[in-house]
Amino acid sequence: MKIDEIRLCEHCHGVIPDTRNKNSKYCSDSCYSKNKADVAINLQKDKVRSLLLLNNDEIIHDLYLKYESKFYITAKELIDRNFNWTIYKASITANNIPAKSLIRYGYTLFNNQTVQLWKL
């Protein structure tokens, strides 16, 4: 007795016809092409986000070398250097203060528009 396997397309989740190669993960060449384009778009988005995160980390690095974490700096210094406030790796707690982490550094933006820098 032969057991029939139903294989599902990784892109559209339709049934892969028996006429296609048994190693095929897609029901047609068009599904393969669409999936390849989607993966390329996602990789490009990740690359852009990583570059923005690295740029933010470099800005904080320069200011940390200048001020360290002893001093509060104005948010204007970061704005003047084109700091992107929406890009960060995670929200953390540094010295019981909520902070945003980048790669090597973190920062806390206070209500009075001052920023404290942290080395992670």
#### Entry: Other ILVMFWY residues reachable from L78 by side-chain steps of under 4.5 Å
V48, L52, L53, L54, I59, I60, L63, Y64, Y67, F71, I73, I79, F83, W85, I87, Y88, L102, I103, Y105, Y107, L109, V115, L117
#### Entry: Contacts of N55 that satisfy side-chain hydrogen bond (donor to acceptor under 3.5 Å, both in side chains) - sequence neighbours left out
none
### Query
Considering only heavy atoms from C-beta outward, does the side chain of P17 approach that of C27 to under 4.5 Å?
yes
### Message
Minimum heavy-atom separation for K100 and S91, please, with both atom names.
### Response
NZ-OG, 3.6 Å
### With S101 via side-chain hydrogen bond (donor to acceptor under 3.5 Å, both in side chains) - residues at least two apart
none
### Task
Determine, for D29 against R20, whether the closest basic-nitrogen to carboxylate-oxygen distance falls under 4.0 angstrom.
yes
### Task
List in chain and number order the residues that pass side chain to side chain contact (heavy atoms under 4.5 Å, CB included) with K76, two or more places apart in sequence or in another chain; answer none if no residue qualifies.
T74, D80
#### Entry: Which residues share a side chain to side chain contact (heavy atoms under 4.5 Å, CB included) with S33, sequence neighbours left out
none
#### Entry: ring pair (Phe, Tyr, Trp, His ring centres under 6.0 Å) partners of residues 40-60, not counting sequence neighbours, each pair once
none
### Task
List in chain and number order the residues that pass side chain to side chain contact (heavy atoms under 4.5 Å, CB included) with D18, two or more places apart in sequence or in another chain; answer none if no residue qualifies.
K22
### Query
Less than 4.5 Å apart, any side-chain heavy atom of Y26 and any of N35?
yes
### Query
Where the side chain of N95 meets the backbone of I97, is there a donor-acceptor pair that is under 3.5 Å apart?
no
#### Entry: Partners meeting side-chain hydrogen bond (donor to acceptor under 3.5 Å, both in side chains) with T93 (sequence neighbours left out)
none
### Message
Once salt bridge (Lys or Arg N to Asp or Glu O under 4.0 Å) is applied, what residue pairs with a partner in residues 103-120 remain, sequence neighbours excluded?
### Response
D57-R104, E58-R104
### Query
Taking only residues two or more places apart in sequence, or in another chain, which ones meet T114 in a side-chain hydrogen bond (donor to acceptor under 3.5 Å, both in side chains)?
N112
### Task
Give the C-alpha distance, both sets of side-chain angles, the deciding distance and a yes or no for side-chain contact (heavy atoms from CB on, under 4.5 Å) between K25 and C9.
CA-CA 6 Å; K25 297 178 183 178; C9 178; over 6 Å; no
### Message
Test side-chain contact (heavy atoms from CB on, under 4.5 Å) on F110 and Q116; report intermediate values, then the result.
### Response
CA-CA 8 Å; F110 296 101; Q116 186 171 16; 3.8 Å; yes
### Summary
In short, salt bridge (Lys or Arg N to Asp or Glu O under 4.0 Å) pairs touching residues 41-56 with sequence neighbours left out are none
#### Entry: Pairing residues for I6 by the side chain to side chain contact (heavy atoms under 4.5 Å, CB included) criterion, not counting sequence neighbours
L8, V15
